[in-house]
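Only a predicted model underlies this, so the values are computations on that prediction, with no experimental measurement involved.
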Amino acid sequence: MKLLYFAWVRERTGIHEEDYDLPDGVATVADLVEHLRGRGDGFARAFADTGQIRAAVNQETAGPGDAVAQGDEVAFFPPMTGGRA
């Protein structure tokens, strides 16, 4: 799978994108976040508060219970704000 990290998620992990083998037992976005949290200090900081991070699977917004599979592109990014009033 391809993992993409944006904004402060990228800054904390130190990685913009990577090819990654889906670990055994990882079936959802929440599972993946929990797995990534264990990869080191930067990942632990990036995924410390799951309320402050969003995910997309194959460019579709995804929630914690959404499935992930080998071959997916999964992006992690902070909540977005903005736009015109």
Side-chain angles (χ1 to χ4, degrees):
M1 69 184 350
K2 182 174 291 261
L3 300 179
L4 304 170
Y5 309 98
F6 294 96
W8 55 257
V9 182
R10 177 186 63 227
E11 293 168 9
R12 292 178 186 174
T13 62
I15 299 172
H16 172 67
E17 69 177 67
E18 63 180 327
D19 293 321
Y20 198 75
D21 289 328
L22 185 65
D24 290 338
V26 173
T28 66
V29 170
D31 293 341
L32 183 58
V33 166
E34 185 62 30
H35 174 79
L36 293 173
R37 191 181 289 146
R39 289 183 67 193
D41 290 344
F43 284 90
R45 286 187 300 119
F47 294 102
D49 183 356
T50 56
Q52 295 300 313
I53 196 162
R54 300 294 182 263
V57 177
N58 299 322
Q59 302 183 12
E60 296 286 333
T61 302
D66 287 325
V68 293
Q70 188 67 30
D72 284 344
E73 176 188 271
V74 181
F76 294 103
F77 49 91
M80 293 177 276
T81 61
R84 294 184 200 202

With a 4.5 Å heavy-atom cut-off, do I15 and F43 have their side chains touching? yes
Do T28 and V68 come close enough that some side-chain heavy atom pair is under 4.5 Å? no
In terms of ring plane angle, is the pair F76 and Y5 parallel, tilted or perpendicular, where the classes change at 30° and 60°? parallel
Is the shortest side-chain N to carboxylate O distance from E17 to K2 below 4.0 Å? yes
Residue pair W8 / P78: nearest heavy atoms and the distance that separates them: NE1-CB, 3.0 Å
Would you list the atom pairs, donor with acceptor, under 3.5 Å between side chains in residues 51-62 and any protein atom, with sequence neighbours excluded?
from	atom 1	to	atom 2	distance (Å)
R54	NH1	G51	O	3.2
N58	OD1	E73	N	2.8
N58	ND2	D72	OD1	2.9

Worked verdict on E11 versus F6 for side chain to side chain contact (heavy atoms under 4.5 Å, CB included): CA-CA 8 Å; E11 293 168 9; F6 294 96; over 6 Å; no
Got a donor-acceptor contact below 3.5 angstrom from the E18 side chain to the L3 backbone? no
What residues, two or more places apart in sequence or in another chain, satisfy salt bridge (charged side-chain N to carboxylate O under 4.0 Å, His left out) together with R45? none
Closest contact, heavy atoms only, F47 versus T13: CE1-CG2, 4.5 Å
Going only through I, L, V, M, F, W and Y residues with side-chain contacts under 4.5 Å, is there a path from L32 to F77? no
Just checking D41: does its CG atom have more than 12 heavy atoms from other residues, nucleotides or ligands closer to it than 6.0 angstrom? no
Please report the closest heavy-atom contact between M1 and A69, naming both atoms and the distance. CE-O, 3.6 Å
Can you name the residues that form a salt bridge (charged side-chain N to carboxylate O under 4.0 Å, His left out) with R37, not counting sequence neighbours? E34
